[in-house]
Structures are given as C-alpha cells and as structure tokens.
Asks: 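Here it is, the structure, as structure tokens.
Side chains included, hydrogens not; waters and symmetry mates left out as well; all remaining heavy atoms used. Because the structure is predicted, anything quoted here is derived from the model rather than measured.
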Amino acid sequence: MKRPRPPSPPSISAAAKPPLSPPPTPILKQKLQRTGAPKWLPLKLTQTELTLPLTFPTGQTFRWKQTGPVQYSGSIGPHLVSLRQRAGDDDTISYCLHRSASPKAAELALLDFLNAEISLAELWSDFEIKDPGFGEVAKHLRGARVLRQDPLECLIQFLCSSNNNIARITKMVDFVSSLGLYLGEVEGFEFHQFPSLERLSRVSEDELRKAGFGYRAKYITGTVSALQSKPGGGDEWLLSLRKLDLQDAIAALCTLPGVGPKVAACIALFSLDQHSAIPVDTHVWQIATRYLVPDLAGAKLTLKLCSRVAEAFVSKYGEYAGWAQTLLFIAELPAQKALLQSSQSIQLVKSSEKKK
C-alpha cells in the first residue's frame, strides 16, 4: 500500500471522478456572530518549532484547509481555529478562534494538538548527533511537527486513505466531517466538529458507497461497530492505546476492519503518542534503502522487511524515530525536494568560489 504523497500545499480541486453526494442528513447551519475583525493571538511558537506548510499539507491530517497565504484552518473538538505564520525576524505564529465556548480550553487543546510540549530543536539536535546527514536536511526544513490528533478522527481519516489519492481522500473526509456539528466558515470553507461514534453508527454502508467510498465503506461501518462494542466505549478504548507498548497498540488496531500494519502505524504515530512508530510504504522503503539498509535495495517489500525498516529507523534515531522518518518523508515531497536540490546547488557554488 502506498502512502499518499500530498503536493505542497495539496490540491483541493475537483477530481475527475463524480463528486461525492451530500450527507444523508442535512446539517443545520448558523452564521458565526462576529463583532469586528478576527482577533489574532500569539502562540509563542517560532518557525524553528512549527512551520505550517511543513506540518499540515503533508499527509498527517486531511481536515485542515489552507485559508490564506501561510494560514491553515481546522477544528479541534468544538473549537474552530486558524493558524497563521507571518514572515519576519521572529517568524511569529498566531492563532484566531472563530468559534469556541472557552478561549482558554481552546488554547490548551490547540497546544495539545500541536504536541507543543515536545521541543523540535532538542529532538533535531539529538538526531543530528546520531546522523549528520539528517542535520543537512533539517536545517532547510525547520518546524515540521508531528501532530497529536484525536484517535477516532485519525483512525477514520486513514481508513479513507487506503490505496487512495489526496483529492479523493480529502473529499471522503469532508463527507464524514460534514456529519458533525457545523462550526462555521472561513474563507469559503465550511468546518464541522468531527462526528461522534454514535453519529457515525447511523451512517449505513450503502450510504457511504453511494457517496463514493467503494470498498472502504464496509471498513468504516465495521470499525465503528467494533468500537461501539468495546467495554467502556470505543473512544476510551482508543485513548487507552496511548498507554500500551507500540507493538501491543499496533496489534490492537489491526483487530479493526480495514486496519493493516501501515495504517495502524500512521494512527499510532499521529494520535497515540507512539513516537517510534514507522509507517512503512514504498516511499519510506526507498528512503530506508538509500540511507539505512542499502543492502536491501532492489528487494521486494514484504511485511518482514517492513519490520526490518522500522527497526532500522528506531536503531538509528531512538524513541522518537517516527518524527525523524516524518521529516525525511516530507523532504521527498516534490516542492521540498526542489528546495533541497536548490540549496545544495548554492552550497556547491559557494564552495567552488572559496577554492578560487
């Protein structure tokens, strides 16, 4: 299974296939009440710790939209938030609450979502000691963070991602999202709170198939049903996986319909605090055979070799290997690859000039 490779930023234009149908149940909408211009507040994170274009349109989440030149908007629980990055001496990150019953709770939820307690500067310094080549890449791609999403939201998104392309995944995720409470509109994009398990349980496989989900429809309805049968409820069960060892968390996720090792690793890394999880696909395999396990170049990727690749990343980078792998994956995206090649060319020119 190939990991979807998003453009940077991803295209949200209509796909060649017919558009997805509207949700089966109309969503009541209310206009946001504003008393003036949106109020932007400092987030106290610099570009060294967070670069929006290297975090949001990189395949971790498909629910956030680009709503400005360097601005992304999305919902975190009941909060509708925009993040903006302004170029300058301090590369200030600021946020705007479009809808929230509690500004303080919204700020805390946002910082939690951004994994703000984890210092990228410290992580990357450690990675560079272990791998000087990582430092060469990282200095051009500062601020690529791993998000800490709601587990149910992350799980459903990656069920939609199975053997799929970015445009289609986004349309499917938008359809599912539209079943939740309407939160408002930002720059023409509508945003909803992600639907609850109970709401998702009222969507039939037939409705999802008619909306263009194909075989993934049975995985979503089957997973929702399986979660509802968990003691204490599916939401609590998913959250409990944050306390398990990585392999136990992966094994638990793989009991859900449609969840294989690669999808489970994505969910574990992007929502369950499993920082050493390595989602291995053909792209990560190519990275690994170039830098970590060159002796495997040309071999056919199997489940056994996927495990070996994951072990190689952890052996090289340690307990936060998933963060290192995420940056190396982002570096392979077309726009970032062009940036790196351009930077390397400049360095070669400068080196040549010094020799003269």
Side-chain angles (χ1 to χ4, degrees), residues 1-7 9-30 56-57 59-67 73-75 77 80 149-186 188-229 234-235 238 253 256-260 262-263 266-267 270-271:
M1 174 170 21
K2 291 187 177 181
R3 181 175 179 178
R5 287 171 63 84
S11 170
I12 53 175
S13 59
K17 297 182 180 180
L20 298 181
S21 306
T25 305
I27 305 297
L28 296 177
K29 299 178 182 178
Q30 296 178 342
F56 286 98
Q60 295 188 55
T61 177
F62 305 93
R63 298 193 69 225
W64 283 65
K65 310 295 185 184
Q66 185 173 5
T67 53
S73 302
S75 65
L80 177 55
Q149 302 176 62
D150 173 80
L152 175 63
E153 183 176 328
C154 190
L155 166 60
I156 299 299
Q157 289 184 84
F158 279 96
L159 282 176
C160 293
S161 76
S162 176
N163 294 314
N164 213 346
N165 61 63
I166 295 298
R168 200 67 182 165
I169 297 168
T170 302
K171 288 179 180 295
M172 290 179 180
V173 171
D174 285 348
F175 177 89
V176 174
S177 299
S178 70
L179 301 174
L181 175 68
Y182 176 75
L183 296 179
E185 181 180 300
V186 181
F189 292 98
E190 294 183 353
F191 294 91
H192 299 76
Q193 183 173 351
F194 197 77
S196 64
L197 259 181
E198 190 280 329
R199 177 65 186 93
L200 291 172
S201 71
R202 291 188 271 122
V203 182
S204 69
E205 179 182 336
D206 185 57
E207 287 173 320
L208 291 174
R209 284 187 177 275
K210 288 179 179 178
F213 282 66
Y215 68 87
R216 302 169 195 84
K218 66 181 178 182
Y219 293 150
I220 292 175
T221 55
T223 287
V224 168
S225 178
L227 289 173
Q228 286 191 302
S229 69
D235 291 301
L238 284 170
L253 288 169
L256 299 173
V259 179
K262 185 265 182 171
V263 166
C266 288
I267 298 163
F270 301 139
S271 72

Asks: Could you tell me which non-hydrogen atom of A226 sits nearest to which non-hydrogen atom of P257, and how far apart they are?
Replies: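 Here A226 and P257 meet closest at CB-CD, 4.3 Å.
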Asks: Applying side chain to side chain contact (heavy atoms under 4.5 Å, CB included), can you list everything that pairs with T61, at least two apart in sequence or on another chain?
Replies: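 So T61 forms a side chain to side chain contact (heavy atoms under 4.5 Å, CB included) with F56, R63, W64, L147, Q149, Q157.
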Asks: My understanding is that only residues two or more places apart in sequence, or in another chain, count here; which of them pass side-chain hydrogen bond (donor to acceptor under 3.5 Å, both in side chains) with S73?
Replies: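 S73: side-chain hydrogen bond (donor to acceptor under 3.5 Å, both in side chains) contacts with T67, S82.
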Asks: From I169 CD1 over to F158 CZ, what is the distance, rounded to the nearest 0.5 angstrom?
Replies: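 Reported value, rounded in 0.5 Å steps: 8.0 Å.
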Asks: How many angstroms lie between atom OG of S196 and atom CZ of R202, to the nearest 0.5 angstrom?
Replies: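 If I round to the nearest 0.5 Å, the distance is 7.0 Å.
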Asks: For L197 versus G234, what's the shortest heavy-atom pair and its separation?
Replies: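 Where L197 meets G234 most closely, the heavy atoms are CD1-CA, 3.7 Å.
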Asks: Which pairs with one or both residues in residues 173-184 pass salt bridge (charged side-chain N to carboxylate O under 4.0 Å, His left out), sequence neighbours excluded?
Replies: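 Residue pairs with at least one partner in residues 173-184: K65-D174.
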Asks: Determine whether N163 and Y215 satisfy the following criterion, side-chain contact (heavy atoms from CB on, under 4.5 Å), listing intermediate values before the conclusion.
Replies: CA-CA 11 Å; N163 294 314; Y215 68 87; 3.5 Å; yes
Asks: Between V176 and V173, does a side-chain contact (heavy atoms from CB on, under 4.5 Å) hold up when you go through it step by step?
Replies: CA-CA 5 Å; V176 174; V173 171; 5.8 Å; no
Asks: Between L238 and L253, does the side-chain contact (heavy atoms from CB on, under 4.5 Å) criterion hold? Intermediate values first, please.
Replies: CA-CA 9 Å; L238 284 170; L253 288 169; 4.2 Å; yes
Asks: Return the CD to OG distance between E153 and S177, rounded to the nearest 0.5 Å.
Replies: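 If I round to the nearest 0.5 Å, the distance is 7.0 Å.
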Asks: Mind telling me whether F189 and F191 have parallel, tilted or perpendicular rings, with 30° and 60° as the class edges?
Replies: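 Rings of F191 and F189: tilted, 30 to 60°.
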Asks: Can you check whether T221's main-chain N or O pairs, donor with acceptor, with S225's side chain at less than 3.5 Å?
Replies: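 The answer is no, because no donor-acceptor pair under 3.5 Å joins these two groups.
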Asks: Is the shortest side-chain heavy-atom distance between L155 and V259 below 4.5 Å?
Replies: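 Yes - at least one pair of side-chain heavy atoms lies under 4.5 Å apart.
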Asks: Minimum heavy-atom separation for L200 to L179, with atom names?
Replies: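 Shortest heavy-atom contact: CD2-CD1, 4.4 Å.
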Asks: From K171 NZ over to N165 CG, what is the distance, rounded to the nearest 0.5 angstrom?
Replies: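 Here the rounded value is 10.0 Å.
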Asks: Test of understanding: with side chain to side chain contact (heavy atoms under 4.5 Å, CB included), list the residues that count as partners of Q228, not counting sequence neighbours.
Replies: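 Checked Q228 against side chain to side chain contact (heavy atoms under 4.5 Å, CB included); matches are S201, V224.
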Asks: Restricting to non-hydrogen atoms, name the atom on Q193 and the atom on G77 that form the minimum distance, rounded to 0.1 Å.
Replies: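 Shortest heavy-atom separation between Q193 and G77 comes out as CG-O, 3.2 Å.
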Asks: Using 0.5 Å steps for rounding, measure from the CZ atom of R216 to the CD1 atom of I156.
Replies: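 Going from CZ on R216 over to CD1 on I156, the span is 13.5 Å.
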Asks: Would you give the length of the straight line joining atom CZ of F213 to atom CG of L159, rounded to the nearest 0.5 angstrom?
Replies: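 The distance works out to 10.5 Å.
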Asks: For A217 versus R209, what's the shortest heavy-atom pair and its separation?
Replies: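 Taking every non-hydrogen atom into account, CB-CG, 3.6 Å.
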Asks: Apply side chain to side chain contact (heavy atoms under 4.5 Å, CB included) to S204 and list each qualifying residue two or more places apart in sequence or on a separate chain.
Replies: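 In terms of side chain to side chain contact (heavy atoms under 4.5 Å, CB included), with neighbours along the sequence ignored, S204 is linked to D206, E207.
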Asks: Kindly give the heavy-atom pair with the smallest separation between C154 and C266, and that separation in Å.
Replies: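 Scanning both residues, the minimum pair turns out to be SG-O, 4.4 Å.
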Asks: Are F194 and S75 close enough that some pair of their side-chain heavy atoms sits under 4.5 Å apart?
Replies: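 Heavy-atom side-chain distance check fails, nothing below 4.5 Å.
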